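Worksheet: the structure to be examined is printed underneath.
These figures come from a predicted structure and were not determined experimentally. Each chain gets a letter, A, B and so on, in the order the sequences are listed, and its residues count up from 1.
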There are 2 protein chains.
Amino acid sequence: MPVNKPVSRILQYRNCLLKFRSLGFKKVFSYNLGEEAGVSPEQVRKDFSTFGIKGRKKGGYFINELVGTINELFNSNQSQQIIVVGMGNIGQALTQYINNDESYVRIIAAFDINPVKLRMKFIIPVYPVSELGEFVKKEKIKIAVLAVPDIAAQEMCNKLIESGIYGILNFTPLILKVPDNVIVSNVNIQNEIEELIYLVNFKK
Amino acid sequence: MPVNKPVSRILQYRNCLLKFRSLGFKKVFSYNLGEEAGVSPEQVRKDFSTFGIKGRKKGGYFINELVGTINELFNSNQSQQIIVVGMGNIGQALTQYINNDESYVRIIAAFDINPVKLRMKFIIPVYPVSELGEFVKKEKIKIAVLAVPDIAAQEMCNKLIESGIYGILNFTPLILKVPDNVIVSNVNIQNEIEELIYLVNFKK
DNA sequence: TAGATTGTTAATCGATTAACAATC
DNA sequence: TAGATTGTTAATCGATTAACAATC
């Protein structure tokens, strides 16, 4: 559920550019990127225009240059540190998943209310929720992954915001109530599957 | 990335209704649902209208009735069987996650090209990809979760479609090329996080 | 130069919101 | 009845697409 379409498409373009580069290409045209990203060439150019990205008339875009520009735009050169709250099934899986690949994003700590989790061994340290505020302030964390049980979602969300978090990747099925300056991105896999089932069975 | 907004909102409304019901409520008004789902009351009524769902003027909607209607609409009373392709980190995690809760959806089998995976013990049987077509036909599977390495994504996607799959929940970062009658829903957690980081750091 | 591609403005399309009649 | 809420039609808004001048 992309919060901002041009932003999410720019990230998609970067994925495509990396793929093109790995295939040995040096430059691309808007229709190459459009094809690969599943959008029209006009959309690609429009998005670039939105972000002030320039190509060369007739010459397309140099892949290296373009990737660099996007990385600068997203500050992707310096690694980004985030945390996860809730070390159940999803919390654990996401931590592995995100910290496993060669991305700029790192989950550097987890928080849980369950004392059992604190004693367990994970690939990142797990702290009690009571230490959340202090940690977020000290490490200047801005983004958190929320993977707690439904019943605790809104309460933990409030605690995150109190602690200084401004962006939440919400894996609970609830729509969180947050102030305007906080951004929430919802990932609801259950609903995605049910939607697919519906569309496949009942629509064209 | 919801493929169809009214559909995904209807599913969100159902989540909200279940929450209301668990709190002891018997009926709701469009503004209750809107508040809980994070949309306007007009949006709620419009969506209901799209799906032919009727309330009672001045009387709102009975929760039990409404949940029943939505379940019928989505065929959610009979359990839905799907498969997962790729039993790496995400594949395993998703399988646990989806099969763990009290949902209507079940992942009934996994497929992998890695012979090591075939010998491992999971909560569902794991078969070689060579048996995909036969299995899909025999069990009349329509939906698959794609969780293979990037490099294998498009190829495995093609194989799924050949085998008779019409809906794909795509966890790879690639945009898959599929015919018009196949529906793909993309879940790109990496991009979601980067988008959050961008929006938090650079926008309002 | 001719042809191809960019970047941007204008037109179109679709989705959301506002308005309001129906009615309980 | 008066007030509140639904259901739908019309108006608005925003996003996508089309068109095209600039230019390499």
Side-chain angles (χ1 to χ4, degrees), chain A residues 1-13 16-17 20 25-67 69-70 73 175 180 183 186 195 199 203-204, chain B residues 1-13 16-17 20 25-67 69-70 73 175 180 183 186 195 199 203-204:
Chain A
M1 299 152 194
V3 177
N4 180 306
K5 291 178 177 194
V7 172
S8 89
R9 278 194 304 256
I10 291 279
L11 289 168
Q12 190 61 52
Y13 300 149
C16 299
L17 289 166
F20 281 128
F25 289 95
K26 297 283 179 237
K27 66 172 190 174
V28 289
F29 299 110
S30 59
Y31 56 82
N32 300 129
L33 268 177
E35 162 92 35
E36 191 66 20
V39 302
S40 68
E42 295 84 2
Q43 184 72 273
V44 173
R45 299 202 300 274
K46 187 100 216 236
D47 287 333
F48 284 176
S49 166
T50 302
F51 284 85
I53 296 172
K54 298 271 176 192
R56 289 153 304 129
K57 303 253 160 154
K58 204 196 155 189
Y61 310 82
F62 282 118
I63 293 177
N64 278 333
E65 207 177 298
L66 192 44
V67 170
T69 308
I70 295 175
L73 217 49
I175 301 299
D180 278 354
I183 297 164
N186 298 303
E195 190 179 333
L199 294 173
K203 304 252 282 200
K204 81 115 187 274
Chain B
M1 298 152 191
V3 176
N4 179 307
K5 291 177 175 195
V7 172
S8 89
R9 280 194 304 257
I10 291 279
L11 289 168
Q12 191 61 54
Y13 301 149
C16 299
L17 288 166
F20 281 128
F25 288 95
K26 296 282 178 236
K27 67 172 192 176
V28 289
F29 298 110
S30 59
Y31 55 85
N32 300 127
L33 267 177
E35 162 92 36
E36 192 66 21
V39 302
S40 69
E42 295 83 2
Q43 184 72 272
V44 173
R45 300 203 298 274
K46 187 98 212 232
D47 287 334
F48 284 175
S49 166
T50 301
F51 284 85
I53 295 172
K54 298 271 174 189
R56 290 154 302 129
K57 304 252 159 155
K58 208 196 152 186
Y61 309 82
F62 282 116
I63 292 177
N64 278 334
E65 209 177 296
L66 192 44
V67 170
T69 308
I70 295 175
L73 216 48
I175 301 300
D180 278 355
I183 298 163
N186 298 302
E195 189 179 332
L199 294 173
K203 303 254 284 202
K204 81 116 192 266

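- For the atom pair B:Glu36 CD and B:Gln12 CD, the distance stands at 9.0 Å (nearest 0.5 Å).
- If you take CZ of B:Phe48 and P of D:dT6, they are 9 Å apart, rounded to a whole angstrom.
- To the nearest 0.5 angstrom, A:Ser40 atom OG is 12.0 Å from A:Leu33 atom CG.
- Counting only heavy atoms from C-beta outward, the side chains of A:Ile70 and A:Phe51 never approach each other to under 4.5 Å.
- A 4.5 Å side-chain heavy-atom check between A:Thr50 and A:Ile10 finds every atom pair outside the cut-off.
- Regarding contacts with the backbone of C:dA15, every side-chain N or O of B:Arg9 stays at 4.0 angstrom or more from both OP1 and OP2.
- One distance of note links CD of A:Gln43 with OG of A:Ser30; it measures 11.5 Å at 0.5 Å rounding.
- In this structure, the nucleotide among D:dA4, D:dC24, C:dA19 sitting nearest to the side chain of B:Lys58 is D:dA4.
- Rounded to whole angstrom, the span from the CG atom of A:Asp47 across to the C1' atom of D:dT17 amounts to 13 Å.
- With values rounded to the nearest 0.5 angstrom, B:Phe62 atom CZ is found 12.5 Å from B:Thr69 atom OG1.
- Residue B:Lys5 contributes atom NZ, which lies 13 Å from atom C1' of D:dC13 at whole-angstrom precision.
- DNA chain C lies under 4.0 Å from at least one heavy atom of each of the following residues of residues 49-57 of chain B: B:Lys57.
- Going from atom CD1 of B:Ile10 over to atom P of C:dA15 covers 15 Å, rounded to whole Å.
- Residue order along DNA chain D, read from the 5' end via each residue's closest nucleotide, puts B:Gly60 first among B:Gly60 and A:Ser40.
- To the nearest 0.5 Å, the span separating CG on A:Asn64 from CG on A:Leu17 amounts to 9.5 Å.
- Per the geometry, CG belonging to B:Leu66 stands 10 Å off P belonging to D:dG7, to the nearest Å.
- Residue-environment remark: CZ (A:Phe25) stays at or below the threshold of 12 foreign heavy atoms within 6.0 Å.
- The stretch residues 45-63 of chain B participates, sequence neighbours left out, in these salt bridge (charged side-chain N to carboxylate O under 4.0 Å, His left out) pairs: B:Arg9-B:Asp47.
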(message) Just to be sure I follow the notation: if a pair is Watson-Crick (purine N1 to pyrimidine N3 plus N6-O4 or O6-N4) or a G-U wobble (N1-O2 and O6-N3), each under 3.5 Å, what dot-bracket string does DNA chain C give, with | for pairs to another strand?
(response) ..||||||||||||||||||||||
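- Taking atom CD of residue A:Glu42 and atom P of nucleotide C:dG7, one finds them 13 Å apart after rounding to whole Å.
- Between the OH atom of A:Tyr61 and the C1' atom of C:dT5 there is a distance of 8 Å, given to the nearest Å.
- Of the residues in residues 26-33 of chain A, those placing a heavy atom less than 4.0 Å from an atom of DNA chain C are A:Phe29, A:Ser30, A:Tyr31, in numerical order.
- Atom CZ of residue B:Phe20 and atom OH of residue B:Tyr61 lie 13.0 Å apart, to the nearest 0.5 angstrom.
- Side chain of A:Glu195 to main chain of B:Asn4: a donor-acceptor pair is present (N/O by atom type, distance under 3.5 Å, no hydrogens or angles).
- Picking from D:dT16, D:dG7, C:dA18 the nucleotide with the shortest atom distance to the side chain of B:Arg45 gives D:dG7.
- Scanning for side chain to side chain donor-acceptor pair (under 3.5 Å) contacts around A:Glu35 gives an empty result, with sequence neighbours left out.
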Check nucleotides 9-12 of chain C for protein N or O atoms closer than 3.5 Å to its own N or O atoms and list the pairs.
none

